[in-house]
Amino acid sequence: MTEKCGVVGISLDGRPASRPLYYGLYALQHRGQESAGIVTHDGFQQHSHVSMGLVGDAFTEGDLKDLNGSAGIGHVRYPTAGSVDSSCAQPFSVSFKSGSLGLSHNGNLVNAAEVREELAGIGHAFTSDGDTEVIAHDLARNLLDADLVRAVKRTMDRIHGSYALTISHDDTIMGVRDPQGNRPLCIGELEDGYILASESAAIDTLDGELVRDVRPGELVVLAEDGSGFDSYQLVDLDDTAHCFFEHVYFARPDSVIDDSLVYEVRRNLGRKLWAESGVESDVVMPVPDSGRAFASGYADAASETTPGGADRPEDDDGVEFAEGLMKNRYVGRTFIMPTQDERERAVRLKLNPIKSTVEGKSITLIDDSIVRGTTSNQLVSLLRDSGAAEVHMRIGAPPIVAPCYMGIDMATREELIAADKTVEEIREEIDADSLAYLSTEAVADVLATDRTDLCMGCVTGEYPYDIAGEETDRPVSRPTIEAAMSADD
């Protein structure tokens with residue numbers, strides 16, 4: 001799997017916004033490494049700098065100085081819709097009769113093609129194949145004959161899918177979260193202004209204070225002088241569809257999302273994993289860095305109870321927690337390796353076992369997910385080659401059986417090992433002594449929410465949006481988009 005995108009928006013009281021935006025994007029770098037960009041407005045004109053690469057490579061000191069103005073938005077991207085090139089890098093910016101518009105998008109529309117076709121039919125010219133430009137064009141059209149709030153509402157009524165947006169309309173900064181709250185977005189207060197960001201870690205980086213999450217279906221408009229914000233609840237649905245995988249994999253552990261600290265969620269998922277499928281072993285170790293919090297919670301729970309749930313005797317410490325795999329942090333991510341052989345080689349370049357921790361021991365290895373199975377197979381092989389007597393695999397999420405259409409660049413069904421294999425067949429494939437996943441009920445319990453308020457399409461095959469060829473987990477339908485007209489009609 002690859003990351004989603006990260007968005008940020010800032011409005012300050014006279015201080016240049018470019019450097020705070022830059023730092024905010026640095027804090028969100030884990031959400032996308034393909035491109036980075038910033039759009040600012042100085043009260044007279046819009047300024048933009050967008051470049052391919054990491055945040056530190058995308059901007060120079062001169063670039064930041066040229067981004068004038070105390071209001072702006074920023075974006076880091078990993079592509080889930082659109083080409084892998086600069087044409088789809090964000091923020092997307094455009095100037096039109098009603099002013100200048102900038103837009104940063106985290107998520108994915110499932111009806112972008114329909115809206116694009118209609119807009120193209122009435123004369124809109126597109127420069128990219130991404131869904132973000134579709135939102136920008138639709139919003140620009142609505143701003144020609146409606147005020148800001150009504151224009152945003154009209155666009156929300158037409159687009160269908162997941163989105164967290166930061167928008168600049170001249171020097172007004174806005175944040176919008178889709179009606180089901182699939183993508184995260186929060187509000188923070190700074191010393192001299194306010195910030196909108198995908199994760200609270202960006203607020204912490206700027207010494208700000210988290211105010212709250214943007215509510216599903218809410219439009220937040222930051223005051224131009226940084227003195228506060230206005231809220232407009234534009235859509236209010238009975239059920240949400242928060243992405244549970246934000247808590248399992250994508251978000252930084254130190255972020256607070258939907259009122260939950262991600263690190264503690266992962267620890268509690270680890271505790272649930274022990275309660276549901278704990279196995280006595282000499283050592284429990286994480287796959288770095290993805291399995292660390294899960295393994296910590298699992299080991300804590302194992303020190304308190306036996307696998308059957310009984311209290312441990314006072315002289316029994318349970319399962320030892322140990323770091324048995326050391327990570328080489330200067331090796332690229334395995335998913336960028338194009339062939340199977342290269343992916344397998346990358347695992348051995350990236351992780352090295354500590355033989356004294358492994359040799360002769362029964363090991364419980366904890367990770368957050370299994371996608372293709374290649375990495376898990378290689379990890380089990382590494383531990384066995386280092387002398388492990390047993391290797392038990394425990395996963396802090398349910399099996400991934402279906403692709404994500406909401407903004408995660410996940411493997412296809414043909415590539416997902418759990419799509420057509422049982423847990424026992426996967427265990428044989430990765431050569432583990434035992435394998436167990438967390439249940440969907442445990443995830444909902446840890447997040448203290450109803451299953452109906454979560455998006456779990458990748459582990460159930462049922463989605464909270466109307467996606468062609470897929471099942472839904474609730475009554476839902478796409479907006480009706482008018483038939484495309486020619487520009488001459």
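Numbering of residues begins at 1 and proceeds along the displayed sequence.
Side-chain atoms of Lys361 and Val358, non-hydrogen and from C-beta on, never get closer than 4.5 Å to each other. Between Glu441 and Arg451 there is no side-chain heavy-atom pair separated by less than 4.5 Å. A heavy-atom distance below 4.5 Å is not found between the side chains of Tyr437 and Ser277. Counting heavy atoms from C-beta outward, Phe245 and Ile400 have side chains that approach closer than 4.5 Å. Using a 4.5 Å cut-off on side-chain heavy atoms (C-beta onward), Thr460 and Asp473 make no contact. Under the 4.5 Å side-chain criterion, counting only non-hydrogen atoms from C-beta, Thr440 is in contact with Val459. Within the 4.5 Å cutoff, no side-chain heavy atoms of Met406 are placed close to those of Cys243. Counting only heavy atoms from C-beta outward, the side chains of His247 and Ser260 approach each other to under 4.5 Å.
Atom-to-atom distance recorded for Asn328:CG and Asn352:CG is 9.0 Å, nearest 0.5 angstrom. Rounding to the nearest 0.5 Å gives a distance of 12.0 Å between CG of Asp57 and CD of Gln33. Taking CG of Asp131 as the reference point, atom CD1 of Ile159 lies at 9.0 Å (rounded to 0.5 Å). If you take CG on Asp238 and CZ on Arg474, they are separated by 10.5 Å, rounding to the nearest 0.5 Å. Going from atom NE2 of His105 over to atom CD1 of Ile135 covers 4.0 Å, rounded to the nearest 0.5 Å.
Annotation: Lys327, atom NZ; neighbour count of heavy atoms from other residues, nucleotides and ligands within 6.0 Å is above 12. Residue Asp431 qualifies as enclosed at atom CG: its count of foreign heavy atoms under 6.0 Å is above 12. Enclosure of atom CD in Glu471 is not indicated, since only 12 or fewer non-hydrogen atoms of other residues, nucleotides or ligands lie within 6.0 angstrom.
A donor-acceptor pair shorter than 3.5 Å cannot be found between the side chains of Ser162 and Asp178. There is a side-chain donor-acceptor pair under 3.5 Å between Glu133 and Ser128. Side-chain contact, Ser381 with Gln378: no donor N or O sits under 3.5 Å from an acceptor N or O. Counting only N and O atoms by type, the side chains of Arg394 and Ser434 include a donor and acceptor under 3.5 Å apart. In this model, a donor atom of one side chain and an acceptor atom of the other lie less than 3.5 Å apart for Ser296 and Arg267. In this model, no donor atom of one side chain and acceptor atom of the other lie less than 3.5 Å apart for His242 and Glu246. In the model, Thr374 has no side-chain atom that pairs as donor or acceptor with a side-chain atom of Asn377 under 3.5 Å. Inspection of the Ser439 and Glu276 side chains reveals an N or O donor paired with an N or O acceptor under 3.5 Å. Between His75 and Ser104, the side chains place no donor N or O within less than 3.5 Å of an acceptor N or O (distance only, hydrogens not considered). Asp466 and Ser477 are not linked by any side-chain donor-acceptor pair at a separation below 3.5 angstrom, with hydrogens and angles left out of the test.
Residues that satisfy the salt bridge (Lys or Arg N to Asp or Glu O under 4.0 Å) test with Glu424, not counting sequence neighbours, are Arg427. Qualifying salt bridge (Lys or Arg N to Asp or Glu O under 4.0 Å) partners for Glu429, counting only residues two or more places apart in sequence or in other chains: none. Every ring pair (Phe, Tyr, Trp, His ring centres under 6.0 Å) that Tyr26 has, sequence neighbours left out, goes to Tyr22. For the ring pair (Phe, Tyr, Trp, His ring centres under 6.0 Å) test, no residue two or more places apart in sequence or in another chain qualifies with Phe294.
Residues Asp433 and Arg384 are paired through a salt bridge, judged by an N-O separation under 4.0 Å between the basic side chain and the carboxylate. We find that Glu323 and Arg292 are joined by a salt bridge, their nearest charged nitrogen and carboxylate oxygen being less than 4.0 Å apart. Using a cut-off of 4.0 Å between Lys/Arg side-chain N and Asp/Glu carboxylate O, Arg478 and Glu114 are scored as salt-bridged. Between Arg177 and Glu218, no side-chain nitrogen of the basic residue sits less than 4.0 Å from a carboxylate oxygen of the acidic one, so the salt-bridge criterion is not met.
Using modelled atom types, one side-chain atom of Asp63 and one backbone atom of Thr60 make a donor-acceptor pair closer than 3.5 Å. In this structure, Arg312 contributes its side chain and Ala302 its backbone to a donor-acceptor pair below 3.5 Å. Here the side chain of Asp367 pairs no donor or acceptor atom with the backbone of Met393 at under 3.5 angstrom. Of the possible polar contacts, none joining the Asp368 side chain to the Gly396 backbone as a donor-acceptor pair under 3.5 Å is found. In terms of modelled atom types and a separation under 3.5 Å, the side chain of His137 and the main chain of Val115 share no donor-acceptor contact. Listed for the Asp316 side chain is a donor-acceptor partner under 3.5 Å among the backbone atoms of Gly318. Remark: the backbone N or O of Ala241 is paired with a side-chain donor or acceptor of Asn182 at under 3.5 angstrom.
Under the ring-ring contact (aromatic ring centres under 6.0 Å, His included) criterion, no residue pair touches residues 371-391, with sequence neighbours excluded.
Within the cation-pi definition used here (under 6.0 Å to the ring centroid, within 45° of the axis), Arg116 qualifies as a partner of Phe126.
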side-chain hydrogen bond (donor to acceptor under 3.5 Å, both in side chains), that's the test. Do Asp317 and Ser303 meet it? Break it down for me.
CA-CA 5 Å; Asp317 294 331; Ser303 71; over 6 Å; no
Go through the steps to decide whether Lys421 and Glu428 satisfy the test salt bridge (Lys or Arg N to Asp or Glu O under 4.0 Å), and finish with yes or no.
CA-CA 10 Å; Lys421 286 184 170 62; Glu428 292 179 358; over 6 Å; no
For a side-chain hydrogen bond (donor to acceptor under 3.5 Å, both in side chains) check, start with the C-alpha distance between Thr132 and Gln90, then their side-chain angles and the critical distance, and finish with the verdict.
CA-CA 8 Å; Thr132 304; Gln90 298 180 38; 2.8 Å; yes
Step-by-step ring pair (Phe, Tyr, Trp, His ring centres under 6.0 Å) determination, Tyr465 to Tyr405
CA-CA 9 Å; Tyr465 299 93; Tyr405 299 92; over 10 Å; no
Could you give me the CA-CA distance, side-chain angles and deciding distance for Glu320 and Val284, then say whether side chain to side chain contact (heavy atoms under 4.5 Å, CB included) is met?
CA-CA 6 Å; Glu320 177 191 0; Val284 56; over 6 Å; no
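Put simply, the residue from Val39, Ile73, Val50 that forms a side chain to side chain contact (heavy atoms under 4.5 Å, CB included) with Ser93 is Val39. When each of Thr306, Thr305, Thr364 is paired with Trp274, the side-chain hydrogen bond (donor to acceptor under 3.5 Å, both in side chains) condition holds for Thr305 and for no other.
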Give the table of side-chain donor-acceptor pairs shorter than 3.5 Å for residues 198-211, with sequence neighbours excluded, one pair per line with atom names and distance.
{"unit_1": "Ser198", "atom_1": "OG", "unit_2": "Val7", "atom_2": "N", "d": "2.9"}
{"unit_1": "Glu199", "atom_1": "OE1", "unit_2": "His30", "atom_2": "NE2", "d": "3.4"}
{"unit_1": "Glu199", "atom_1": "OE1", "unit_2": "Arg252", "atom_2": "N", "d": "2.9"}
{"unit_1": "Glu199", "atom_1": "OE1", "unit_2": "Ser255", "atom_2": "OG", "d": "2.6"}
{"unit_1": "Glu199", "atom_1": "OE2", "unit_2": "His30", "atom_2": "NE2", "d": "2.8"}
{"unit_1": "Glu199", "atom_1": "OE2", "unit_2": "Arg31", "atom_2": "NH1", "d": "2.7"}
{"unit_1": "Ser200", "atom_1": "OG", "unit_2": "Val256", "atom_2": "N", "d": "2.7"}
{"unit_1": "Thr205", "atom_1": "OG1", "unit_2": "Ala201", "atom_2": "O", "d": "2.9"}

